[in-house]
Every structure is written in structure tokens, then in C-alpha cells.
Amino acid sequence: MSRAEGQVRVQRGFTIVEFMVALLLGTILIGGAISIYLASSRSSQETERSIELLDGGRFAMQIISETLRHAGFFAGVPGGAIVDDVALGAISGTDCAGRAAAHDLRTYLLASVADASGDAFACVDDAVPGTDVLVVKHLEPNPIFDADPNDPTAVRNGALDFPAEPDDARNYIVTTSENGLLMDGADTPPPVAEGETYARGVAWPYSFQVFYVRLDANGETALARKFLRRVGGNMTVATEDLVDGVEDMRIRFRYDSDDDGDVDRAGYADDPIRGNSYDLDNAIGNWDLVGSVEIFLLLRSDEDPAYVDDKSYTLGDKTVTPADNRWRLLLNQYITLRNPNLVIHGGGV
């Protein structure tokens, strides 16, 4: 037996103390890694939620602002000078009331506040109580001519059919330099040849929209709008949701109170300064003098049990303090009404 073989080999393992220290360090490292992962995941979720709210808010603002920028555009014809075609069909179902009615062109801009039951203008019955309801009327800038206006050699046939005939599902207003005719797209437009009542007239698609915050049976909210749509052969005021999660809307109106061309006052739909906005048939307040508006929108996410919203949000003249488990985003935008500033105030009343 060699000397090396005769030596006793001593193998030393971990002591219990060393094992406990290693276990503790490993636990700390694993716990730190898990904490970092959870924080990163939470941050990612919060970022995604914020992006969703911002995207929804921007889309809602874009729709409302684009509509308001066209408010009062009737191709130079005062709303009071536009008459109904003898064949114009009545609105089927529930129409809005008074000057807010879909075919009433005396007033192109109106707002109200939904009452405790969520009602406004007699056509909205599912709004979030206390939120604003906005009515806007205008012509869309997609006219129909009797010939290509950019082709001086085009032959005018006296019929409104360029670039296409009117859409059966829409209402149109045929305008000249002095008057207008509200008609169904399904009916034959009046002749526009020389010597006719609507000589050289142009047909414009008519837009009627009511924006409001809708409350469903489950307590969820969305920015919704009512609009004209043909159903079963009749024009009706239909409803569609535009952006989920919008829970409040407040609108501040800036207007020229003395009709001197300068905006000098501001108020809200329920502000008595503006006149009685609820007397829709007899009093219009100063709606025809509004020159600009400021929109406030409050959006919320789905419930998040790990989050508590303890913030307060100011929408113009009111403050909202939800105190629940939803993330929120408040947006506001200032919009100048281009068309009302180009007409003589009161000309269409």
C-alpha cells in the first residue's frame, strides 16, 4: 500500500449555519427579483391603462371638436330661411323637443343638463344625471352638384347627380345664395336649371348629432350620440356608443352677450346668465351668440382592486371626487366655432 493510499481523506460539507445563511441570501435575491418583476408588471399595466384612457379621450375630443367646428354651417343660408320639402317625412319614433328637434333649423347649437332621471331634450333618457347634453346641427362639406364645378366645359343637366346621386339613407339641404330646402335623400331633388326656384343649387348632407354620457344597466358609462338614420323607410333618431369609459362631460360656452362682435361672457347650459335654456320653444338664451366652447371630459378605467382613486377632478365649475377603484383621466379642449363667427348674429332666428 502506497503512502498516498494510506492517507485518510477528510471531506468537509456545509455547516447548518452556512446553509441557513445561503438560504437567507437566496431568499432575499429571489424576493428582490420577484419584487422587481411585479413592480415592472404593475408599471406596464398602468402605462397600458393610461394609454387606453388617453387614446379614448383623444378620439372623443376629436369627434366632438370636429362636429363643433362645423356647427352652424348652412352654406351661407340662415337656418330660418330653410324650408321643409313637401315630401319630407316626419321623424319616426322619439325625436328631440322644440328647437332641439332634428328638423328644426332655427337653432344649430343647444345644450342642457341631464336631470336626476337622466332625461334631456325629450329624446335622451339614459344619460348620467348631472352631465351635459350637446345638440349640434350643420351641413357636411360633401356637396352634390349638377355638374363638375371644376370643369368649365361640363354640361349642366339641371339635376343634382355629381359626383353621385343623394344617398337614400340621408337628409339633404339644397341651397342657393338666398334659400334652402330640407329634403329626404330618397326623394327626387328639385331641378336646379336656370329659371327654377333652386337654380344652380347644391345639395349638402345634413348632420344632426346629440352628444351625451350614456349610463347602461350595469352602471358602465360611454360617450354616446344620437343621429339621423333611415330605418324601415323612415328617418329615425338612432343611438350609438362612441367611446367606452367616458363618465362625465361639462361644457363652458363663451359668447358675445351684447352682439358687438367680441366674446365677453362665459357660462354653462344651466347658467341663468345665458337665458332659460330649457324653454326650448320660446326662449333660446344666447345660443346664437356663442363663439367658442371649452369641453371637459372625464374618463375612467375598469375597476382595479389594487388601486384607490383619492383624487379630485375639476370640470369647469364643478369638482368630482370619485373615491373608488378606477383610474381616471381628465381632458379639456378649447374650440372656436368658425361658422357662427362668419354670419350676422340672429339672422337665422
Given the rule in the side-chain hydrogen bond (donor to acceptor under 3.5 Å, both in side chains) test, do R252 and Y268 qualify, once you have shown the distances and angles that lead to the verdict?
-> CA-CA 5 Å; R252 175 158 43 205; Y268 298 85; 3.0 Å; yes
side-chain hydrogen bond (donor to acceptor under 3.5 Å, both in side chains) between S312 and T321: does it pass, once the steps are laid out?
-> CA-CA 4 Å; S312 294; T321 306; 2.8 Å; yes
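For residues 133-161, the salt bridge (Lys or Arg N to Asp or Glu O under 4.0 Å) pairs, not counting sequence neighbours, are E140-R170, D146-R156. Judged as a salt bridge (Lys or Arg N to Asp or Glu O under 4.0 Å), not a single pair has a partner in residues 52-62 (not counting sequence neighbours).
For E165, the CD atom counts as loosely surrounded, since its 6.0 Å shell holds 12 or fewer non-hydrogen atoms of other residues, nucleotides or ligands. No more than 12 heavy atoms of other residues, nucleotides or ligands shown are found within 6.0 angstrom of CD on E178.
Side-chain contact annotation: T319 with Y313, donor-acceptor N/O pair under 3.5 Å absent.
Residues satisfying the salt bridge (Lys or Arg N to Asp or Glu O under 4.0 Å) criterion with D309, sequence neighbours excluded, are R328. Every residue two or more places apart in sequence or in another chain that forms a ring-ring contact (aromatic ring centres under 6.0 Å, His included) with H70 is listed here: H138. Looking at residues two or more places apart in sequence or on another chain, you find no side chain to side chain donor-acceptor pair (under 3.5 Å) involving D84.
When all heavy atoms are compared, the tightest approach of L68 to L337 is O-CD2, 3.3 Å. Considering every non-hydrogen atom in both A154 and A147, the closest pair reads CB-CB, 3.9 Å.
Side chain of K226 to main chain of F208: no donor-acceptor pair is present (N/O by atom type, distance under 3.5 Å, no hydrogens or angles). With hydrogens and angles ignored, the 3.5 Å screen pairs no side-chain donor or acceptor of D304 with any backbone N or O of R326. Using a distance-only test at 3.5 Å, with no hydrogens or angles considered, no donor-acceptor pair links the side chain of T236 to the main chain of G93. For D184 (side chain) and D187 (main-chain N/O), no donor-acceptor pair under 3.5 Å exists by modelled atom type.
As a member of the Ile/Leu/Val/Met/Phe/Trp/Tyr network built from side-chain separations under 4.5 Å, V174 groups with V83, I144, L160, Y172, L181, M183, V192, Y198.
Partner of W287 under the ring pair (Phe, Tyr, Trp, His ring centres under 6.0 Å) criterion, out of Y255, Y108, F253: F253 alone.
The aromatic rings of W327 and Y307 lie parallel to each other, with less than 30° between the two planes, well short of the 60° mark.
Taking the side chain as every heavy atom from C-beta outward, L329 and L54 approach each other to under 4.5 Å.
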